[in-house]
*Asks:* 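Sending over a structure as structure tokens; questions will come in a sec.
Counting convention: from 1, in listed order, for ligands and their atoms alike. Keep in mind that this is a model prediction, so the values were computed, not measured. In this chain, residues are counted from 1 in sequence order.
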Amino acid sequence: MRRHITAIVMIGCTAATVYFTGCNNIATGRLYSEKRVAMGTFVEVISCESRALYIAFDEIRRIEKLLSKYDQNSEVWKLNRSGRLKASPETFYIIKQAKEFYTLTNGAFDITVGPLVDLWGFADKKYSLPSENKIKSALKLIGSDKIILHEKDNVIQFEFPGMKIDLGAIAKGYAVDCAVNRLKDAGIKSALINAGGQVYCLGSKFSKPWKVAIRDNPNNPSRDKYLYLQDKAVSTSGDYEQFFTDKQKVYGHIFDPKTGYPKPADFFSVTVIADDATTADFLSTAIFVLGEKDGLALAAKFKGVEVKIVRK
Ligand code: AMP
Ligand code: MG
């Protein structure tokens with residue numbers, strides 16, 4: 001059983017639930033909305049323009065094909081299998097970005113957590129508490145400083161065999177940003193994309209901001225709070241959705257790369273509002289690992305970022 005929240009610092013949320021109050025397509029008064037499974041989660045696109053749906057889903061599918069560690073044709077899958085890859089400029093870019101986030105967070109944000117995610121059973125949902133020895137062995141493979149980037153030919157190389165990257169903390173946000181850019185290219189001014197809690201609100205709905213519901217108690221939806229957003233991204237990280245319990249201890253899916261254990265957080269969830277979804281996605285995960293003090297100090301380095309934390 002999860003512990004009850006005893007204090008709420010600010011508004012908090014589970015995977016942000018999106019509500020809308022009517023987009024009011026001028027011609028038809030109609031709002032188009034579709035939910036599909038992509039990037040290992042549910043992705044929802046809402047817009048007054050029906051073409052926004054296929055434009056956004058096509059783009060998200062394109063990014064998934066590059067970055068999914070489960071798709072045997074993806075670049076990330078190939079890199080994880082062989083330890084070396086001549087990557088597309090896009091895959092190279094996002095991995096380079098993730099390495100910069102690793103440096104910026106002193107190693108708290110680390111896409112090389114792949115072996116830990118596998119070891120603890122979060123990849124195949126066969127959860128188990130590993131032995132100390134196994135955790136120690138896995139830790140030898142962790143550290144984004146062990147990813148070597150050859151800028152001149154976009155080659156990505158792992159220093160040690162067995163290393164694996166997992167872009168679960170950043171790829172959805174990046175995919176949302178790419179989809180938003182495609183919508184803008186197509187002249188679409190109003191849409192909302194929600195990729196498993198990574199949300200971007202493009203434009204407004206008849207001069208009203210999009211309404212995004214956030215939950216301050218996962219056991220009590222009646223306590224939802226609302227954000228009103230326009231041209232903003234929002235992301236939530238927490239250990240309440242993907243976790244298992246062993247001897248009444250909760251083990252969530254976000255790891256402290258220094259210990260090899262799921263991060264025992266003081267708080268339930270972190271919500272970040274930012275100008276783009278990649279930053280929001282990265283920051284919410286990083287703050288969850290860093291904790292409140294260091295996490296808020298990190299967020300303060302980014303312009304226009306707002307953080308909302310729910311304490312346990
Ligand atoms: P998010 O839901 O965006 O907070 O991302 C959580 C996911 O990121 C996990 O399910 C793992 O796949 C991966 N992950 C876990 N721990 C870390 C970490 N310390 N740094 C980066 N990615 C992580
Ligand atoms: Mg994230």
*Asks:* Below 4.0 angstrom, N of the basic side chain to O of the carboxylate: do Arg61 and Asp58 qualify?
*Replies:*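 No.
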*Asks:* How close does the nearest protein non-hydrogen atom get to atom 20 (N) of ligand 1, and which residue and atom is it?
*Replies:* Asp110 N, 2.9 Å
*Asks:* Pairs of nitrogen or oxygen atoms closer than 3.5 Å, one from Ala169 and one from ligand 1: do any exist?
*Replies:*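 Yes, since at least one N or O of Ala169 sits under 3.5 Å from an N or O of ligand 1.
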*Asks:* Determine the interplanar angle of the Phe267 and Phe288 rings, folded into 0 to 90°, and report it as parallel if under 30°, tilted if 30 to 60°, perpendicular if over 60°.
*Replies:* perpendicular
*Asks:* Any side-chain donor paired with an acceptor under 3.5 Å for Asp110 and Thr112?
*Replies:* yes
*Asks:* Suppose I only count heavy atoms of Asp281 and a 4.0 Å limit; which atoms of ligand 1 are within that range?
*Replies:*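 Every atom of ligand 1 under 4.0 Å from some heavy atom of Asp281: 3 (O).
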*Asks:* Would you call Lys78 and Glu75 a salt bridge, taking side-chain N to carboxylate O under 4.0 Å as the test?
*Replies:* no
*Asks:* Would you please indicate if the ring centroids of Phe282 and Phe109 are separated by under 6.0 Å?
*Replies:*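 Here the rings of Phe109 and Phe282 have centres that are less than 6.0 Å from each other.
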*Asks:* Which ligand 1 atoms does Val289 reach within 4.0 Å, using its non-hydrogen atoms?
*Replies:* 19 (N)
*Asks:* Give the residue, atom name and distance (to 0.1 Å) of the protein heavy atom nearest atom 13 (C) of ligand 1.
*Replies:* Asp166 OD1, 4.0 Å
*Asks:* Please say whether the positively charged group of Lys211, taken as NZ for Lys or CZ for Arg, lies over the ring of Tyr228, i.e. under 6.0 angstrom from the six-membered ring centre and within 45 degrees of the axis.
*Replies:* no
*Asks:* Nearest to atom 16 (N) of ligand 1, what protein heavy atom do you find, and at what distance?
*Replies:*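 Answer for atom 16 (N) of ligand 1: Phe255 N, 2.9 Å.
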*Asks:* Identify whether the distance between the nearest side-chain nitrogen and carboxylate oxygen of Lys65 and Asp71 falls below 4.0 Å.
*Replies:*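 Result for this pair is no, no salt bridge flagged.
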*Asks:* Mind checking whether Ile254 contacts ligand 1 via backbone (N, CA, C, O), side chain (CB onward), both or neither, at a 4.0 Å heavy-atom cut-off?
*Replies:*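 Both of them.
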*Asks:* What heavy-atom pair brings Glu44 and Ser33 nearest, and what distance separates the two atoms?
*Replies:*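 So the minimum-distance heavy-atom pair works out to OE2-OG, 3.8 Å.
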*Asks:* Is there a nitrogen or oxygen of Pro257 sitting under 3.5 Å from a nitrogen or oxygen of ligand 1?
*Replies:* no
*Asks:* Distance only, no hydrogens: is a donor on one side chain within 3.5 Å (strictly under) of an acceptor on the other, for Thr271 and Thr236?
*Replies:*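 Note: Thr271 and Thr236 side chains meet the donor-acceptor criterion.
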*Asks:* For the Mg ion (ligand 2), count the protein N, O or S atoms found under 2.8 Å away.
*Replies:* 4
*Asks:* Aromatic ring centroids of Trp77 and Tyr70 under 6.0 Å?
*Replies:* no
*Asks:* How does Ala108 reach ligand 1, if at all, at less than 4.0 Å between non-hydrogen atoms: by side chain, backbone, both, or neither?
*Replies:*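 The answer is the backbone.
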*Asks:* With the threshold set at under 4.0 angstrom, would you say Gly173 reaches ligand 1 through any of its heavy atoms?
*Replies:* no
*Asks:* For ligand 1, which atoms have a heavy atom of Thr285 less than 4.0 angstrom away?
*Replies:*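 With Thr285 as reference, the close atoms of ligand 1 come out as 1 (P), 3 (O), 4 (O), 5 (O).
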*Asks:* What atoms of ligand 1 come within less than 4.0 Å of a heavy atom belonging to Phe109?
*Replies:* 20 (N), 21 (C)
*Asks:* For atom 23 (C) of ligand 1, what is the closest protein heavy atom, and at what distance to 0.1 Å?
*Replies:* Val113 CG2, 3.6 Å
*Asks:* Mark up the atoms of ligand 1 that fall under 4.0 Å of a heavy atom belonging to Ser237, in ascending order.
*Replies:* 1 (P), 3 (O), 4 (O)
*Asks:* Just by distance, with hydrogens left out, do Gln97 and Thr278 show a side-chain donor and acceptor under 3.5 Å apart?
*Replies:* no
*Asks:* Can you see whether Asp145 engages Tyr102 through a side-chain donor-acceptor pair at a distance of less than 3.5 angstrom?
*Replies:* yes
*Asks:* Who's closest to atom 9 (C) of ligand 1 heavy-atom-wise, of His253, Lys172, Lys69?
*Replies:* His253
*Asks:* Do Asp281 side-chain atoms and Gly173 backbone N/O form a donor-acceptor pair below 3.5 Å?
*Replies:* yes
